[in-house]
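These notes concern the structure reproduced below.
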Amino acid sequence: MDIETYLSQQPTPAIAQDLLGRQLRLVTPAGMMTAWITETEAYLGAQDAGAHAFKNHQTARNQALWQSAGTIYIYQMRTQFLLNFVTQAAGVPECVLIRGIEPATGLPLMQANRPQPLKNLTNGPGKLMQALGLDKQLNGQPLNVGPLHLQLTPRRVPIKISTSGRVGIVNKGDWSSAPLRYYVTGNPWVSQSRQRDIDPETHGWQAL
DNA sequence: GTTCGGATAGTCT
DNA sequence: GACTATCCGAACC
């Protein structure tokens, strides 16, 4: 299946959950980095008071959201860049925010980009972009054409998926508490995860 | 180990 | 001029 089909064949919350365990791959002149997606959030477009596209409000920043499934949407939050994938057909401004990844290969490259201990390397949406060395250059471009790829295989399968309200969405009524954040239960590379919730044996993945 | 406050810059009203 | 889809470090358990 191609990526555009994969990112448009289900409702966005289902896609956000299915993305857990899929592989992100970045090809750079210095080498390749791959990582497993551990945490996502769904943003549901015009109806979603927490979304940039609420009430179909188009601005210079959020143009990419109206493009086709598989378009990369990157925007800046203070000093950080945040990575999203557009879902659904062109004209439907929904997306999934990538909030955490587990490094798989290219770890030295990531630690060169972001000199932090492994456990603090990619456990947050801004942190993982630092580790990958990405800014908003790829905003509006399609996945799997340039340097950034989303691979459907190989994949890892979560033992259990946890849900919660989305991080940083406050004073938005029911949209603040809506269970649109998804993460691999027990995985260390999930934002705000507490030590006692981590499973050091499996990292929350089913055995290969 | 966990919580809290401040820094920070781009975007929109 | 207000408001963030964040991160870090200091302070306190």
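These figures come from a predicted structure and were not determined experimentally. Sequence lines set the chain letters: A, B, ... in the order given, protein chains first and strands last, and positions in each chain run from 1.
One atom, CG of N171(A), and another, C1' of dC3(C), lie 12 Å apart when rounded to the nearest Å. To the nearest angstrom, P of dG9(C) lies 9 Å from CG of N120(A). If you measure from atom CG of N123(A) to atom C1' of dC7(C), you get 10 Å, rounded to the nearest angstrom. Rounded to whole Å, atom C1' of dC7(C) lies 14 Å from atom CZ of F81(A). Protein atom CD of E39(A) is 10 Å distant from nucleotide atom P of dT6(C), rounded to whole Å. Separating the NZ atom of K127(A) from the P atom of dT6(C) is a distance of 11 Å, rounded to the nearest angstrom.
Among pairs with a residue in residues 65-80 of chain A, none fulfils salt bridge (charged side-chain N to carboxylate O under 4.0 Å, His left out), at least two apart in sequence or across chains.
With a cut-off of 3.5 Å on both pairing distances, the Watson-Crick and G-U wobble pairs of DNA chain B assemble into stems of 3 or more at B:1-7 with C:6-12, B:9-12 with C:1-4.
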Using nucleotides 11-13 of chain C, report all nitrogen or oxygen pairs with the protein that are shorter than 3.5 Å.
none

Can you check nucleotides 2-5 of chain B for protein contacts, nitrogen or oxygen pairs under 3.5 Å, and list what you find?
{"from": "dT2(B)", "atom 1": "OP1", "to": "R196(A)", "atom 2": "NH1", "distance (Å)": "2.7"}
{"from": "dT2(B)", "atom 1": "OP2", "to": "Q195(A)", "atom 2": "N", "distance (Å)": "3.4"}

Can you name the atoms? Protein N/O to nucleotides 10-13 of chain B N/O, anything below 3.5 Å, with the distance.
{"from": "dT11(B)", "atom 1": "OP1", "to": "K136(A)", "atom 2": "NZ", "distance (Å)": "3.3"}
{"from": "dC12(B)", "atom 1": "OP1", "to": "T59(A)", "atom 2": "OG1", "distance (Å)": "2.1"}
{"from": "dT13(B)", "atom 1": "OP1", "to": "H57(A)", "atom 2": "NE2", "distance (Å)": "2.7"}

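Of the residues in residues 160-169 of chain A, not one comes within less than 4.0 Å of DNA chain B through any heavy atom.
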Pair K160(A)-D199(A), salt bridge (charged side-chain N to carboxylate O under 4.0 Å, His left out): steps then yes or no: CA-CA 12 Å; K160(A) 181 169 180 285; D199(A) 184 335; over 6 Å; no
